[in-house]
Amino acid sequence: MDWWEVAYATTEWQERFRLEAVAALPGLSDSPTLDDIYQAMRHQRARLKSDQQLAEWSLGE
C-alpha cells in the first residue's frame, strides 16, 4: 500500500488508479480508500484461487 501511495494516490494517476480498481474489483464504492482497494484485491485473489484452483507463486521459486 505504501508503494501505491507513492506511485498513484499522490500523483496525477490517482483518479485513473481508482477508476480501474472500481472497474476490476468487486464490491468497491465509487471512491474507495487504498485500504478498500487492497481488501478487494485480497478477496479477488482468494476467489480466483478457490474457484479456478490457481496455484500460489512467488519470486525465486
Side-chain angles (χ1 to χ4, degrees):
M1 285 183 32
D2 290 338
W3 190 87
W4 285 350
E5 183 74 37
V6 172
Y8 298 114
T10 58
T11 69
E12 68 273 8
W13 297 100
Q14 178 179 7
E15 184 64 20
R16 181 173 178 171
F17 177 73
R18 292 185 194 284
L19 286 171
E20 289 186 15
V22 168
L25 298 167
L28 289 176
S29 66
D30 287 337
S31 55
T33 65
L34 288 179
D35 187 58
D36 295 336
I37 294 169
Y38 181 74
Q39 295 304 324
M41 183 192 68
R42 289 187 69 204
H43 175 76
Q44 182 72 346
R45 179 178 160 253
R47 228 176 91 199
L48 286 170
K49 182 179 177 184
S50 173
D51 294 351
Q52 297 182 17
Q53 298 166 358
L54 296 175
E56 292 282 334
W57 63 274
S58 64
L59 297 175
E61 287 189 16

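Numbering starts at 1 and runs along the sequence shown.
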Which pair of heavy atoms, one from Pro32 and one from Leu28, lies closest together, and at what distance? CB-CD2, 4.0 Å
Considering non-hydrogen atoms only, spot the tightest contact between Pro26 and Ala40 and give its length. O-CB, 4.0 Å
Can Leu25 be reached from Leu48 by stepping across I, L, V, M, F, W or Y side chains whose heavy atoms are under 4.5 Å apart? no
For atom CG of Asp51, decide whether the heavy atoms of other residues, nucleotides or ligands shown that lie under 6.0 angstrom number more than 12. yes
Quick note, ring pair (Phe, Tyr, Trp, His ring centres under 6.0 Å) partners involving residues 14-39, not counting sequence neighbours, are Trp4-Phe17, Tyr8-Phe17
So with a 6.0 Å cut-off around CG of Asp30, is the heavy-atom count from everything else above 12? no
If I take atom CD1 from residue Ile37 and atom CG from residue Leu34, how far apart are they, to the nearest 0.5 angstrom? 5.5 Å
Kindly write out the residues that satisfy side-chain contact (heavy atoms from CB on, under 4.5 Å) with Arg16, not counting sequence neighbours, or none if the list is empty. Trp13, Glu20
If I take atom CD from residue Gln44 and atom NZ from residue Lys49, how far apart are they, to the nearest 0.5 angstrom? 14.5 Å
Rounding to 0.5 Å, atoms CZ (Arg18) and CG (Asp36) come to a distance of 9.0 Å
